[in-house]
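Please read the structure below before turning to the comments.
Here, residue 1 is the first one in the sequence, and each next residue gets the next number. As the structure is a computational prediction, the values presented were derived from the model and not from experiment. Only heavy atoms go into these numbers, but all of them, side chains included; no hydrogens, no water, no symmetry mates.
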Amino acid sequence: MRTLNGALSDGVGAAEMARPAPGARPVRVDRGSSEPAGRTAWRCACEICRTSMESAPAYFTRSFGEPDHFAATREGIADSLGFCQRHGADLMGSASLQAGMAQVFQGVIPRVLPLLSEQRFADDKFQHVYFSAPDACPACTCERRAVGRHAARLGRQHAAMAESRAVDGGAMPLCHEHFQTLARGLNPELRMPLLARHAQWLDCAARAVEDLLAAGVSRETVPGELPALEHALGIAGGQLDVVPAPPAALVEALWDCPGIEQAIGWANACPVCVEIERARQHWLATVPLAAKYHLDDRLFFPTCPEHVATLARLGDTPLTAAAAAHALHVATEQVLRQLRVLVRAAETESERAAARIAHWGRRPRRRKPELPRPPALRIARCAACERLAIAEIHATCRLLQLLRSHPYRHAFEDGYGLCMKHHAQAYVLAPKGIVRSLLASDQIRRLSGLLRWLEDEMSGVAQSEAGATPRSEYRLALRRFCGFG
């Protein structure tokens, strides 16, 4: 198997793959346009995907457009220290809700500031908020609940049809992610035949895409013109959503800051967000080369819906088809493993029942210890998710290491600082002493200044004519609480 370094030694694409040297500008790779372009769009038959896409706008309209919900929204944001980057980008485009966002964040900051005191580090409230903050998002919670309700409703319908023997024997037209949500709520007797049909459905979709690749696919071909590819993307990538382009501040930081040593003093973006975006751009640059030189798919191709869709928006149809086929094969392996576990559990239960009948009335023998079973193979994590997670941890640890030095502490105080999500991650990892004290005092200073800006802006709006809205302070609050992804 060829390695990535071996592929680069041929000289093709080495400039795109190499990390930028100090002072050099990195290669720019767009993450995707802010609109779903026609050449990368596809249709998804999953009805739960539509529920998922409709839940977030409804949540934002209710949370920031109806004053009766402001108090609950403040509590939710304070307990999660903001939104995930995906929903934060959605809020950035909701100009009609900016007045509600300014009022909500004006009440969020006073709830968060007491947690930043070093004396609260061992409190239960602090531990609950800060240790769960990197993965917490009120909009994601609302979305998961809506998806769970829809999946449970479909599960009850399937159970009723199975009881009345009205099941048609076909696979359910759901994307793989939401099929797994539905299957988890079914009992084993219903889940086993459903998993078997779904595995066959995934395998057929993957083979159809591989047949397309074998026949040859032009780069200019639109996925919507290839039913097999469109069907595969609907299963692996779910419903096509709008992916915003990286913020201008993040793009500028990537060009002007070769590493976190320079990004720590950047005035317009969180340095950890900058390093995560750098890793994302580097991954997007490596995937085409990995496909060209036939490197190990598991190290480069994505399997989660978000990154399958991200790769599809590059507009390279053969690359999109190869990634979709890989994601479907991984999904098939996951379903077959689940099926084997259920079959083994059913066989074990039947053997125990037969043994109880055979030995009824006899003196029970001493049971021999069972031989240890070989551990089940773990399904590999999405290659893109793994790279971004490693980049985030590496950037956080490197930041804490740099803050031990006085020049970098001074640069950190003059720069943007950290968004709340990455502040929470760095703060709980920071050793007690000057670094932890700096992170606490710096974030208190920045949030206090942001609160004063919001209060001044809202007081000015209240004194102006009716219908006036805050200018840009709500965007500063969103960036601080949602990051720059």
Side-chain angles (χ1 to χ4, degrees), residues 7 13 16-17 27-46 49 53 86 174-177 201-246 280-333 380-388:
E16 290 84 346
M17 293 290 299
V27 176
R28 175 177 298 190
V29 181
D30 293 333
R31 202 166 79 195
S33 64
S34 59
E35 296 295 334
R39 66 170 282 101
T40 60
W42 64 84
R43 293 186 299 272
C44 177
C46 178
C49 281
M53 291 186 63
R86 176 170 65 93
L174 300 176
C175 70
H176 177 65
E177 180 184 21
W201 192 48
L202 292 173
D203 186 62
C204 291
R207 291 179 183 276
V209 175
E210 290 175 343
D211 292 341
L212 280 178
L213 289 172
V217 179
S218 173
R219 292 179 180 272
E220 288 73 23
T221 305
V222 179
E225 297 176 355
L226 301 172
L229 179 55
E230 185 179 36
H231 177 61
L233 288 173
I235 300 174
Q239 180 64 49
L240 176 67
D241 200 359
V242 176
V243 174
R280 191 195 320 270
Q281 302 288 8
H282 188 256
W283 168 70
L284 287 173
T286 60
V287 177
L289 290 176
K292 179 178 180 180
Y293 290 104
H294 305 288
L295 303 182
D296 192 350
D297 295 345
R298 295 170 297 177
L299 300 178
F300 299 94
F301 280 170
T303 55
C304 72
E306 176 186 355
H307 292 120
V308 169
T310 300
L311 193 62
R313 289 182 186 89
L314 294 180
D316 189 337
T317 303
L319 180 64
T320 300
H326 171 73
L328 291 176
H329 282 307
V330 172
T332 304
E333 181 182 351
R381 189 181 183 184
C382 170
C385 293
E386 188 75 16
R387 285 169 178 251
L388 298 186

Completion exercise
One should read off an interatomic distance between C46 SG and L174 CG, to the nearest 0.5 angstrom, of 4.5 Å
Exercise for the section: Side-chain contact test, heavy atoms from C-beta onward, threshold under 4.5 Å: evaluate it for T303 versus R298 and give yes or no. Expected result: no
Handout entry: For the student: nearest non-hydrogen atoms of L284 and T310, plus distance
Key = CD2-CG2, 4.3 Å
Fill in the blank from the handout: Taking every heavy atom of L328 against every heavy atom of A206, the minimum-distance pair comes out as CD1-N, 3.6 Å
Exercise for the section: Flag the pair R207 and D211 as a salt bridge only when some basic side-chain nitrogen lies within less than 4.0 angstrom of an acidic carboxylate oxygen. Expected result: no
Completion exercise
The reported gap from CG in L233 to OG1 in T320 (rounded to nearest 0.5 angstrom) is 6.5 Å
Exercise for the section: Work out which heavy atom in A323 is nearest to a heavy atom in L311; give both atom names and the distance. Expected result: CB-CD2, 3.5 Å
Problem - Side-chain heavy atoms of E306 within contact of R86, under 4.5 Å - result: no
Handout entry: Taking every non-hydrogen atom, the tightest pair across A324 and A232
Key = CB-CB, 4.3 Å
Problem - W201 ring center within less than 6.0 Å of H231 ring center - result: yes
Problem - Closest non-hydrogen atom pair between P318 and S218, with its separation - result: CD-O, 4.0 Å
Fill in the blank from the handout: Note: A321 and L229 closest approach over all heavy atoms is CA-CD1, 3.6 Å
Practice task
Taking W283 for its side chain and R387 for its backbone only, find out whether a donor-acceptor pair lies under 3.5 Å.
Solution key: no
Completion exercise
Taken to the nearest 0.5 Å, the spacing of F301 CZ from D296 CG works out to 10.0 Å
